[in-house]
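Just so it is clear, the model here is predicted, and its values are computed rather than measured.
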2 protein chains.
Amino acid sequence: MVQDTPEPRSISSPAQRRERRDAAAHRQRILAAAQRLFAMHGVSQVSMHQIAQAAGVGQGTLYRRYANKGELCKALAHAQHETFAKEVHSWLASDGAILPPMERLAGVLERLLRFVLDGAALLEEIALTEFRNGTCDMSCDPAEPPPGQEQWLDWMHALVGDLLGEAVTRGDIAPLDISFTADTILNALNPMLLHFYHLGRGYTHERILQGLRHLYIEGLSERKDR
Amino acid sequence: MVQDTPEPRSISSPAQRRERRDAAAHRQRILAAAQRLFAMHGVSQVSMHQIAQAAGVGQGTLYRRYANKGELCKALAHAQHETFAKEVHSWLASDGAILPPMERLAGVLERLLRFVLDGAALLEEIALTEFRNGTCDMSCDPAEPPPGQEQWLDWMHALVGDLLGEAVTRGDIAPLDISFTADTILNALNPMLLHFYHLGRGYTHERILQGLRHLYIEGLSERKDR
DNA sequence: CCTGTAAATGGACACCTGTCCGATTATAGC
DNA sequence: GCTATAATCGGACAGGTGTCCATTTACAGG
């Protein structure tokens, strides 16, 4: 049930000691407890103290590993992120491969929207914590540095940026500020914003998708086929 | 210094008692103290307890009036909001009047960007609190209902929506989901997002403005003059 | 002036986050 | 097995938020 980052536990681990066995067990228990409590009561209703208690560890231990609830959520969301990344990659390599870049972007956004709406509770907590702490970088837990793992937001930013860049090169869209545009598009799928869309405005999934498509795909495209 | 909502203190106040004099004085002291402390140490560094103490009132009194720091910030930001609204209105009535709707929208966005960047600290706290509490409606303090006062976000949403609607009617832009588009455009100027743009990305004021213009003004417009 | 009543007050309280540090325990080298 | 050592543990603690409620106080009407 609990997805764990596959530890670099090769015996031949060169200079650095491998994670102590009890520590590893505790991390498992923490993740399992958090997942259970979150599922039971909702992310925002569960305190770090409760998690520590349910996992049978002290608060200090919990905070040593996860500096705040957001970090803990990141660890839990990690597997979901990877699944999503794989799904997007495989789509881009198969069905998406024959589409022009802006249509590929549309496909990515559609999948991203679904992904965010599904994992909303976890992602919201992550975003909230980051904004609150002013880190704002969506970077990953430095205590868990799986080699070569891309940071979530950076990865999405690069992906959207690449698609935009390709579209510019092909002349499908006019030249633009790629980095800023990618940021703006991704922000339109911010978990907190979608939460507001759902509660405050009552926008449906389809309506959001269509709105995004009109604004960012058709809006940017030079050749409008109307 | 402290801008106060002009109380409905007409003697002929029909059924409802007017605010007690001591309560009014306390509110003044609270606002003054908050403004002073915020200016001195930054919004996020000042606790509600400190504010209460500096104002010479108990925490209970403070919370009775302002349910949380966000509400207090809203009260302080109220005058700024009104100033901004007046500035936009007068521009729309004078220089803006001769421009097509999408150019008027560009002017509004430019002013909004400046406004948000200026009052960032206060607005960020407001947005953060709202998201945290899940209220997400940006509505005003129900304890202070100045008659006829528009809610800030609703007002902006309506303004942007009107401009978009006019542009559609004139055929300047293709028909679209006006409400959703207005929400999305406004979200691109979210205080928290701009904070991230500044810190995490280093985007300048001008770069943001140009990016927004390309995306939302030129992107939506039918007749592109390139 | 006196009195009833509802609004206003303020500090104790419950709970939460995040830090700190002495005590504990796993591991490496002998 | 034994020891040195550093990672790890866990609960106390320092703040902060927001609630509660017994007490106080301003205002209106007799």
| field | salt bridge (charged side-chain N to carboxylate O under 4.0 Å, His left out) pairs, two or more places apart, involving residues 30-51 of chain A | value | none
Round to the nearest Å and state the distance from [X] atom [atom1] to [N] atom [atom2].
{"X": "A/L128", "N": "C/dT17", "atom1": "CG", "atom2": "P", "result": "12 Å"}
{"X": "A/R29", "N": "D/dT8", "atom1": "CZ", "atom2": "C1'", "result": "13 Å"}
{"X": "B/R64", "N": "D/dT24", "atom1": "CZ", "atom2": "P", "result": "17 Å"}
{"X": "A/Q53", "N": "C/dC15", "atom1": "CD", "atom2": "C1'", "result": "13 Å"}
{"X": "B/H26", "N": "D/dT25", "atom1": "NE2", "atom2": "C1'", "result": "11 Å"}
{"X": "B/I51", "N": "D/dG18", "atom1": "CD1", "atom2": "C1'", "result": "14 Å"}

| note | In short, side-chain hydrogen bond (donor to acceptor under 3.5 Å, both in side chains) pairs touching residues 114-128 of chain B with sequence neighbours left out are B/E125-B/T129
| said: Could you work out, with side-chain contact (heavy atoms from CB on, under 4.5 Å) as the rule, every residue matching A/S179, not counting sequence neighbours? | reply: A/H157, A/D177, A/D183, B/Y203, B/R207
| task | Please list, chain by chain and in numerical order, all residues satisfying side-chain contact (heavy atoms from CB on, under 4.5 Å) with B/S47, sequence neighbours excluded. | result | B/H49, B/Q50
| request: For residues A/F115 and A/W152, establish whether the separation of their ring centroids is below 6.0 Å. | output: yes
| said: Below the 4.0 Å mark, does D/dC9 have OP1 or OP2 next to a side-chain nitrogen or oxygen of A/R65? | reply: yes
| Who pairs with B/H89 by ring pair (Phe, Tyr, Trp, His ring centres under 6.0 Å), at least two apart in sequence or on another chain? | B/W155
Any N/O pairs under 3.5 Å between the protein and nucleotides 11-17 of chain D? List them or say none.
from	atom 1	to	atom 2	distance (Å)
D/dG11	O6	A/G60	N	3.1
D/dT17	OP2	B/M48	N	3.1

